[in-house]
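Quick note: residue numbers are just sequence positions, from 1. Since the structure is predicted, the reported quantities are computational estimates derived from the model, not experimental observations. The analysis underlying the following values was restricted to heavy atoms, covering all of them including side chains, and did not include hydrogens, waters or symmetry mates.
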Amino acid sequence: MPSDFDFESAWTTSAVRRVRRRREGFESRYGKSGSMVRRKAHRGDPSDPKGSLLTNALLQLALVYSALMQALSHDPGKYAVLQVGLYVIVAVLLVHAFFSGQLRINNRTILLMVIAIIGSQALRALLSIILGTTLVGRDVLLLPLLMLILGFNSTVDEHRTGIISYAYGAAAAFSGWYVVATFGENIAYAGQYFFVQKNQLGAVLGAAAALLFYEIVQSLDRTPSSTLSPLLAGALLVGVLIPLFELRNRSTIIGLIVLATVISVKVVLGRRVRAVTRIFFFALLTAAIIFSRQLGGIFFDALFANYDTADPNSISANRIDVYYETLIFLRSHLLSGELLNSSGIFDPHNFILYQLLKYGILLSLVYFAFYFFFGYRLLRVWSVTRILEVPPWAYLLVISYTTSLFEYAQPFGPGTTQMVAWYFVGLSLTRERNG
């Protein structure tokens, strides 16, 4: 041992290191403040209890289940039972998160939506008493709120969604093909729609297609070892699109056309896009041009069969006439809509016009606030974010918002069909944790 070895200095250094290790372990467990509070979790951190594999698996199972149950949407009795089962799964997840201390709503968007729903229902209750009618019921924002909360409390990385995208896509394709095989024996584009619940199933097929579009775009920028991903996503996408076109859910088809156009523009004109990605999209464009006659015939039949293409109102399935009648009625009854005066107008297939007609602007403002808030976020993401960083919720909401121009239940419904979209929106809110 060297004669100049300093025992006191060595012992002090070792003690300092031990104290430092203990302090780091304490802070990693309880936070720097030392309070007995579980430290904030980061997405993808497997050490955090709220990110348990079981919880995430159950949540993703619920989303896949919501797509599978559409196969029986033609049977109101069975579908109602399946829907109750889905609500039970969501409720169990929320209760489990609450009692395990994992449930957090410390996000401005979620808190504002909670306040909005409570305030809206209170106002409806007051008006029900004054008008002697029943206006209190299930709020259209309730299911999106629940999915925002579940997504916000999930540790799944919003950009690593392969498993759920493929599983949801396969479930949606199964439901679509089952319905086509069951009810479409005499399918002909010259015939009328053969499936009454096409808007429900079409919405699920559209959501699945959006997720698969996302996987294809993302996989093109990965290493060559993952070349199987775009092939699998492409195969599932074809499996989803065929029943969608057979169902002739025109609103969702238009939404997919808009989404494909936006993606193509971002890929061709965007910066920092790999050459292989551009080549892939140029190859698709070339193939579309080569087979334009065949593809044009498919799109034309799906969108315009049974309609007089020289008459815009016929093309819109009489929507234009209904829109016009609704606007005329709202000129005199904008405040209350049909709450005080019956219009005799068939439901306008447009989210904004429908809300105004049924409830007037007084009860519709809260829905419009969130409709335009998320719409603004959607436009901003697509305008300032490079294509490979656009999150999956932005793909999903392009279809939802496009469809809301032609359907009154979108983008918050119909029913449970938009669960997957608002779950992914909730995942994106984890970036906005504030306390």
Are Arg124 and Tyr359 in a cation-pi setup, meaning NZ or CZ lies under 6.0 angstrom from the ring centre and within 45 degrees of the ring axis?
yes

For Pro348, is there any backbone N or O sitting under 3.5 Å from a side-chain donor or acceptor partner on Arg319?
no

Atom pair CG (Leu303) and OG (Ser251), whose distance is rounded to the nearest 0.5 Å:
10.0 Å

Should Leu59 and Ile89 count as side-chain neighbours, where that means a heavy-atom distance under 4.5 Å?
no

Please report the interatomic distance CD1(Ile320) to CD1(Ile315), rounded to the nearest 0.5 Å.
8.0 Å

Any side-chain heavy atom of Leu427 within less than 4.5 Å of one from Ser154?
yes

Between the main-chain N or O of Ile117 and the side-chain N or O of Ser120, is there a donor-acceptor pair closer than 3.5 Å?
no

Check: Tyr65 side chain, Gln60 main-chain N or O, donor-acceptor pair, under 3.5 Å:
no

Could you pull out the closest heavy-atom pair between Phe368 and Ile352, with the gap in Å?
CZ-O, 3.6 Å

Any heavy-atom pair between the side chains of Arg108 and Met113 that's under 4.5 Å?
no

Which pair of heavy atoms, one from Ala172 and one from Ala67, lies closest together, and at what distance?
N-CB, 4.0 Å

d(Ile254 CD1, Thr403 OG1) to nearest 0.5 Å is 8.5 Å

Roughly how far apart are Leu362 CG and Leu356 CG, rounded to 0.5 Å?
11.5 Å

Qualifying residues under ring pair (Phe, Tyr, Trp, His ring centres under 6.0 Å), relative to Phe299, sequence neighbours excluded
Phe245

Looking at every non-hydrogen atom in both residues, tell me the closest pair between Gln218 and Ile387 and how far apart they are.
NE2-O, 4.0 Å

Determine, stepwise, if the pair Lys198 / Glu246 fulfils salt bridge (charged side-chain N to carboxylate O under 4.0 Å, His left out).
CA-CA 10 Å; Lys198 64 180 177 61; Glu246 295 285 11; over 6 Å; no

With Arg377 as the cation and Trp382 as the aromatic partner, state whether NZ or CZ is under 6.0 Å from the six-membered ring centre and within 45° of the axis.
no

Keeping Ser332 on the side-chain end and Phe329 on the backbone end, is there a donor-acceptor pair under 3.5 Å?
no

Beyond-backbone contact of Phe174 with Gln70, side-chain heavy atoms, under 4.5 angstrom
no

Between Phe374 and Trp422, is the gap from one ring center to the other below 6.0 Å?
yes

Counting only heavy atoms not in Tyr323, do more than 12 fall under 6.0 Å of its OH?
yes

Does OH belonging to Tyr324 count more than 12 external heavy atoms closer than 6.0 Å?
no

For Gln355, does its backbone N or O pair with a side-chain atom of Ser364 as donor and acceptor, under 3.5 Å?
yes

Any side-chain heavy-atom pair of Thr402 and Ile257 under 4.5 Å:
no

Leu236 and Glu215, any side-chain heavy atoms less than 4.5 Å apart:
no

For Ala116 and Val366, which heavy atoms make the closest approach, and how far apart are they?
CB-CG2, 3.1 Å

Check step by step if side chain to side chain contact (heavy atoms under 4.5 Å, CB included) holds for Tyr401 and Val258.
CA-CA 10 Å; Tyr401 270 78; Val258 172; over 6 Å; no

Quick check: do Val322 and Asn350 have side-chain heavy atoms less than 4.5 Å from each other?
no

Aromatic plane relationship, Phe370 with Phe373 - under 30° parallel, 30 to 60° tilted, over 60° perpendicular:
perpendicular

Do side-chain atoms of Asn153 reach the backbone of Arg104 as a donor and acceptor pair under 3.5 angstrom?
yes

Contact summary for Asn249 and Gly202, nearest pair of heavy atoms
OD1-CA, 3.2 Å

Just to verify, what does Ser343 make a side-chain hydrogen bond (donor to acceptor under 3.5 Å, both in side chains) with, not counting sequence neighbours?
Glu338

Apply the test side chain to side chain contact (heavy atoms under 4.5 Å, CB included) to residues Leu201 and Leu205: give CA-CA distance (whole Å), side-chain angles for both, the deciding distance (0.1 Å), then the verdict.
CA-CA 6 Å; Leu201 181 53; Leu205 292 170; 4.1 Å; yes

So, do Ile164 and Phe424 sit near enough that their side-chain heavy atoms are less than 4.5 Å apart?
yes

Result for side-chain contact (heavy atoms from CB on, under 4.5 Å) between Val84 and one of Val81, Leu82, Val88 points to Val88

State the CG-CZ distance between Leu378 and Phe372, to the nearest 0.5 angstrom.
13.0 Å

Looking at Lys266 and Glu389, does any basic side-chain N land under 4.0 Å from a carboxylate oxygen?
no

Cation-pi, Tyr307 ring and Arg250 (6.0 angstrom, 45 degrees)
yes

Quick one: does Arg331's side chain have a donor or acceptor within less than 3.5 Å of a partner on Ile328's backbone?
no

Could you pull out the closest heavy-atom pair between Ala71 and Val179, with the gap in Å?
O-CG2, 4.0 Å

Sub-6.0 Å ring centroid separation between Tyr367 and Phe412:
no

Partners passing side-chain contact (heavy atoms from CB on, under 4.5 Å) against Ala210 (at least two apart in sequence or in another chain)
Leu259, Tyr395, Leu396, Ile399

Residues Val114, Ile118; criterion side chain to side chain contact (heavy atoms under 4.5 Å, CB included); working and verdict
CA-CA 6 Å; Val114 171; Ile118 295 174; 3.9 Å; yes

Quick one: pull up CG in Leu112 and CG in Leu145 and give me the separation to the nearest 0.5 Å.
11.0 Å

Hey, mind stepping through Met419 and Leu143 against side chain to side chain contact (heavy atoms under 4.5 Å, CB included) and telling me if it holds?
CA-CA 7 Å; Met419 285 181 63; Leu143 188 62; 3.7 Å; yes

Any residue meeting ring pair (Phe, Tyr, Trp, His ring centres under 6.0 Å) with Tyr408, in chain and number order, not counting sequence neighbours
His349, Tyr354

Residues in side-chain hydrogen bond (donor to acceptor under 3.5 Å, both in side chains) contact with Ser404, at least two apart in sequence or another chain:
Tyr371

Quick one: list whatever passes side-chain hydrogen bond (donor to acceptor under 3.5 Å, both in side chains) with Asn313, sequence neighbours left out.
Asn318, Asp321

